[in-house]
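Residue numbers start from 1 in every chain, and the chains themselves are labelled A, B, ... in the order their sequence lines are given, proteins ahead of strands.
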Number of protein chains: 2
Amino acid sequence: MSKDRAPTRIQKKNRAAILEAALNVFSAYGFRGATVDQIAAEAGLSKPNLLYYFPSKEAIHTALLSGLLEIWLAPLHDLDADGDPLEEIRAYIHRKLQMSRELPRESRLFANELVQGAPRIHDALSNDLKTLMDEKTAILTAWMEQGKIARLHPYHLIFSIWALTQHYADFDVQVRAILGDEDPYEGAEPFIDTLYRKLLAP
Amino acid sequence: MSKDRAPTRIQKKNRAAILEAALNVFSAYGFRGATVDQIAAEAGLSKPNLLYYFPSKEAIHTALLSGLLEIWLAPLHDLDADGDPLEEIRAYIHRKLQMSRELPRESRLFANELVQGAPRIHDALSNDLKTLMDEKTAILTAWMEQGKIARLHPYHLIFSIWALTQHYADFDVQVRAILGDEDPYEGAEPFIDTLYRKLLAP
DNA sequence: TCTTGATTTGACCATCTGGTCAAACTCACG
DNA sequence: CGTGAGTTTGACCAGATGGTCAAATCAAGA
């Protein structure tokens, strides 16, 4: 592979195809359960060809995760201290729920990693995520002290939003086994909205 | 192994040791990520000896899951139509949260399975779980119609309880990366209690 | 104690899996 | 075109993994 040149047309196409395929396979089977052959087949490449673009299975996984982490945390990043408290939080919830609906594979990719102790993203959790959390919970705390929203444990407030929204992507099979044909998000959206409206009222 | 006789002392001990070891390993690495050698070592047996008690890796996993499913659904089973609505629900939440705290491995065992599409317990979800859900949501709906609790989508109400309680077991690493030394359940218990108190008020 | 069934194990096997490599092929550009 | 860099592949390898088996060891009742 070229040393440091700008990526060729083919490189761009194949790298993208590999990451897309890896997202499918890793999110469905976990790191250990996924095989390089499977990813290669799904990307329409031979295994050696895939390994021409990424040095190892681990490298693909890392590239995927770090590439997606930013997207994943973006909604929380957007929480604005200067906006209307209730509206900001509701917007955050709305974006998170939308992400569960539109990016369920990404959600399950992280879920797989987390359930198994996050061996490959432990650092990102303790650094990037922790920092972002501290920053945003400070905003929540300020709102609480100003009496703009109910006084609650700010960390658990965020946890609850994560839990409620990602549940629908991560445990999709279970939700659908119970709801049958009913669209999960049809009911989830108003339910969660009501929940936080009641919870956050000062 | 004996055909159908009562299990010997040794059989009892070893089967129990295997299931205990398998719970550790499967919950931490998922089905595919776990190895028979690892389970055998953790159970203090040689691999062939382990396979003398269970015919295959799959069989161990199945035995574990079906053996635990009952325990797992017990709290919901206990929800009593004749009790006080709010107290019944709060007691259910309390039991679920306690299970997350005391049986995190079991929670992650199911989480691993669910995130990956529940290939091995799909039937149990559509049958046992679905049946139990329908039965219990009927109770909730009745309570709502009697004006004893707020009118909400009963399925999503249960989902929310699952999501909020299991989050602490399943994504333990993430929670701890953020809370540091603080005991997650210390804050979670009152937070969740407050949440449902506000949510369910008619 | 002796015997018989239960238990344990070392050696082994087939398959899968991540990864390598040299050779072949393709493409873009002068 | 021709050429060199970029791309692709068949063949291959070492180690891991699930599982088998015959032989050895152990335990408990007659």
Side-chain angles (χ1 to χ4, degrees), chain A residues 1-65 112-113 116 119-120, chain B residues 1-65 112-113 116 119-120:
Chain A
M1 188 158 16
S2 67
K3 312 275 156 62
D4 268 317
R5 290 226 189 72
T8 67
R9 170 182 59 88
I10 294 175
Q11 269 168 43
K12 256 190 222 165
K13 194 193 61 168
N14 283 345
R15 281 177 166 275
I18 290 167
L19 289 176
E20 168 71 14
L23 176 57
N24 278 331
V25 178
F26 281 135
S27 69
Y29 302 95
F31 179 77
R32 194 93 182 339
T35 75
V36 176
D37 281 287
Q38 212 178 342
I39 299 171
E42 188 131 346
L45 300 174
S46 65
K47 181 168 58 167
N49 197 9
L50 179 149
L51 290 168
Y52 167 73
Y53 290 100
F54 288 88
S56 67
K57 179 185 177 181
E58 180 100 33
I60 305 173
H61 194 252
T62 303
L64 241 196
L65 280 175
N112 260 301
E113 189 66 11
Q116 301 189 6
R120 280 167 282 272
Chain B
M1 189 159 17
S2 69
K3 312 276 157 60
D4 267 317
R5 290 225 188 73
T8 67
R9 172 182 58 88
I10 295 175
Q11 269 169 41
K12 257 190 220 166
K13 194 193 63 170
N14 284 346
R15 280 178 167 275
I18 290 168
L19 290 175
E20 169 71 14
L23 176 57
N24 278 332
V25 179
F26 281 135
S27 69
Y29 302 95
F31 179 77
R32 195 94 182 337
T35 75
V36 175
D37 281 287
Q38 214 177 341
I39 298 171
E42 188 132 345
L45 299 173
S46 66
K47 182 168 58 168
N49 197 8
L50 181 148
L51 290 168
Y52 166 73
Y53 290 99
F54 287 90
S56 68
K57 181 184 177 183
E58 180 101 32
I60 305 173
H61 194 252
T62 304
L64 240 196
L65 281 174
N112 259 302
E113 189 66 12
Q116 301 191 6
R120 277 167 283 273

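Across the protein-nucleic acid pair, Lys47(B) atom NZ and dC12(C) atom P stand 14 Å apart, rounded to whole Å. Atom pair Tyr53(A):OH and dT20(C):P shows a separation of 17 Å (rounding to whole Å applied). Whole-Å rounding puts the Tyr52(A) OH to dC25(C) C1' distance at 12 Å. Per the geometry, CZ belonging to Arg32(B) stands 11 Å off C1' belonging to dG18(D), to the nearest Å. Counting to the nearest Å, the P atom of dA28(D) and the CD1 atom of Ile10(B) are 6 Å from each other. At whole-Å resolution of the value, CD in Gln11(B) and P in dT8(C) are 10 Å apart. Taking atom OH of Tyr29(B) as the reference point, atom P of dG18(D) lies 14 Å away to the nearest angstrom. Atom P of nucleotide dA27(D) and atom NZ of Lys13(B) are separated by 10 Å, given to the nearest angstrom.
Nearer the 5' end of DNA chain C, as judged by each residue's closest nucleotide, is the contact made by Leu45(B), out of Gly33(A) and Leu45(B). Summary of the strand contacts: Pro48(A) and Asn14(B) both lie near DNA chain C, and taking for each the nucleotide with the nearest heavy atom, the more 5' one is attributed to Asn14(B). Comparing Phe31(B) and Ser46(A) against DNA chain D, the residue whose closest nucleotide sits nearer the 5' end is Ser46(A). Each of Arg9(A) and Pro55(B) was matched to the nucleotide of DNA chain D holding its nearest heavy atom; the match closer to the 5' end belongs to Arg9(A).
Within the 4.0 angstrom heavy-atom criterion, only backbone atoms of the sugar-phosphate kind lie near Ala34(B); the bases stay farther away.
Exactly one residue among Phe26(A), Tyr29(A), Phe54(A) makes a ring pair (Phe, Tyr, Trp, His ring centres under 6.0 Å) with His61(A). That residue is Phe26(A).
Contact check, Asn49(B) against dT7(C): no side-chain N or O comes under 4.0 Å of OP1 or OP2.
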Stepwise side-chain contact (heavy atoms from CB on, under 4.5 Å) test for Leu45(B) and Tyr52(B) = CA-CA 10 Å; Leu45(B) 299 173; Tyr52(B) 166 73; over 6 Å; no
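Across all non-hydrogen atoms, the minimal contact from Ala22(B) to Ile60(B) is CB-CG2, 3.5 Å.
For dG19(C), its base never sits under 3.5 Å from the side chain of Lys57(A) at any donor and acceptor pair.
Distance from the side chain of Thr35(A) is smallest for dT17(C) among the nucleotides dT17(C), dA28(D), dT8(C).
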